[in-house]
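Read the structure below first, then the notes.
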Amino acid sequence: GRIRKAMPTASLLKLDRWFKELELVSNSCPNIETYRCRRGQEYMTDQNAERVSRLFPKLTALDLYYCSLRHAGLAMFLLRQVGTLKTVSIDHPGPLTDHGIETLATNCPHLRSFKISRCCGITNETLRLLSLLSLQLQELHVHNMQITSMTETTYREQFNDTGLANIAIG
C-alpha cells in the first residue's frame with residue numbers, strides 16, 4: 001500500500017486561516033448567493049464542501065474550477081443546498097463520476113444552467129438523465145471531455161426531447 005504523508009503544518013495553518021476568513025465573510029454577508037472556488041485543490045475537498053455549504057446556505061450559484069471534489073463531497077454540499085442551486089459550473093474537478101451528477105440531478109430541482117469541462121468520469125447517459133430530471137434546466141454546456149466526440153447536431157438530436165433551450169458542445 002501507499003503511505004500517506006500528513007499535511008505539512010504550513011498547509012494546515014493556511015487551510016485554517018482560509019476557513020476563518022470564510023466564516024468572517026459569512027457572518028458579515030449572510031445572503032451571499034454565489035460561491036466561486038478557483039484553483040482550490042487544497043481548499044475545496046470533500047471534507048470542506050460541507051463546511052462551505054453550511055456557511056453559505058442561500059447559494060444559488062456554484063462555480064468550481066480545479067478542485068479536489070469527488071462524489072461524496074458534492075453530495076454533502078448538495079444535501080445542505082437542496083432546492084437553492086440554479087447554476088452549477090464544474091471545470092476540472094477531482095475524480096467526479098456519474099454518481100455525483102446523478103446526485104446533482106436528484107437534489108437540484110431548480111437547476112437552470114449546468115456547465116461541465118475537463119471531467120472524464122461522466123457519460124452521455126448521465127447528462128441526459130440530468131436534463132430529464134432537472135425540469136427547469138435550460139442550458140447544458142459540455143466542453144473538453146472524452147464524451148464530446150459527437151457533433152453538436154448529434155447531441156441536439158439525442159437531447160431534443162428534454163426541453164433544453166441551449167446546448168453547447170466543445
Side-chain angles (χ1 to χ4, degrees), residues 22 26 29-38 40 44-170:
L22 273 183
S26 172
C29 305
N31 296 320
I32 288 179
E33 294 182 351
T34 300
Y35 181 80
R36 286 192 174 105
C37 182
R38 298 289 187 197
M44 195 56 151
T45 61
D46 289 345
Q47 296 83 7
N48 290 331
E50 190 273 332
R51 295 169 87 186
V52 169
S53 67
R54 188 171 18 94
L55 288 175
F56 303 107
K58 296 183 180 181
L59 290 181
T60 59
L62 178 63
D63 185 1
L64 301 176
Y65 173 73
Y66 221 99
C67 297
S68 299
L69 196 60
R70 293 182 301 238
H71 165 68
L74 185 61
M76 288 299 292
F77 191 91
L78 294 172
L79 291 175
R80 287 196 159 273
Q81 298 294 332
V82 169
T84 62
L85 287 176
K86 295 177 183 171
T87 303
V88 174
S89 178
I90 300 173
D91 188 353
H92 217 340
L96 192 60
T97 63
D98 283 342
H99 198 52
I101 302 305
E102 290 168 8
T103 303
L104 179 74
T106 56
N107 288 291
C108 296
H110 303 293
L111 190 65
R112 291 185 189 151
S113 174
F114 181 67
K115 299 175 184 178
I116 189 162
S117 296
R118 294 176 269 211
C119 182
C120 61
I122 309 297
T123 63
N124 282 331
E125 293 78 23
T126 299
L127 292 175
R128 182 166 166 68
L129 177 69
L130 173 73
S131 64
L132 289 170
L133 291 178
S134 302
L135 299 177
Q136 294 185 21
L137 189 67
Q138 298 170 358
E139 294 182 71
L140 175 65
H141 296 260
V142 181
H143 299 283
N144 297 321
M145 294 174 52
Q146 293 173 351
I147 62 171
T148 59
S149 58
M150 283 195 258
T151 65
E152 193 161 337
T153 305
T154 307
Y155 228 79
R156 287 185 191 282
E157 288 170 1
Q158 185 178 5
F159 286 77
N160 73 348
D161 64 337
T162 62
L164 288 173
N166 187 3
I167 298 176
I169 309 300

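Numbering of residues begins at 1 and proceeds along the displayed sequence. Hydrogens, waters and symmetry mates are skipped; everything else that's a heavy atom, side chains included, is used. Model, not experiment: these values are computed from the prediction.
Residues passing the side chain to side chain contact (heavy atoms under 4.5 Å, CB included) test with Arg118 are Tyr65, Asp91, His92, Asn144, sequence neighbours excluded. With sequence neighbours left out, His99 forms a ring-ring contact (aromatic ring centres under 6.0 Å, His included) with His71.
Note that OG of Ser117 is 5.5 Å distant from NE2 of His143, once rounded to the nearest 0.5 Å. Separating the CZ atom in Arg51 from the OG atom in Ser26 is a distance of 12.5 Å, to the nearest 0.5 Å. Put simply, CD on Glu125 and CG on Leu130 are 13.5 Å apart, with the number rounded to the nearest 0.5 Å. Interatomic distance, Lys58 NZ to Glu33 CD, rounded to the nearest 0.5 Å: 9.0 Å. Annotation: the span from His110 atom NE2 to Leu85 atom CG amounts to 10.5 Å, rounded to 0.5 Å. To the nearest 0.5 Å, the span separating CZ on Arg36 from CG on Leu62 amounts to 10.5 Å.
Of all heavy-atom pairs between Leu137 and Phe114, the closest is CD1-N, 3.9 Å. In terms of heavy atoms, Thr84 sits closest to Leu59 at OG1-O, 2.9 Å. Shortest non-hydrogen contact noted between Val88 and Leu111 is CG2-CD1, 3.7 Å.
Considering only heavy atoms from C-beta on, Leu22 comes within 4.5 Å of Tyr35 through its side chain. Residues Ile116 and Ile101 are in side-chain contact: their nearest non-hydrogen atoms beyond the backbone lie under 4.5 Å apart. Thr126 places a side-chain heavy atom less than 4.5 Å from the side chain of Glu102. Thr60 is not listed as a side-chain neighbour of Thr87, based on a closest heavy-atom distance of 4.5 Å or more.
Side-chain atoms of Ser134 do not come within 3.5 Å of backbone N or O of Ser131 as any donor-acceptor pair.
The existence of a salt bridge linking Lys115 and Asp63 is excluded, since no basic side-chain nitrogen approaches an acidic carboxylate oxygen closer than 4.0 Å.
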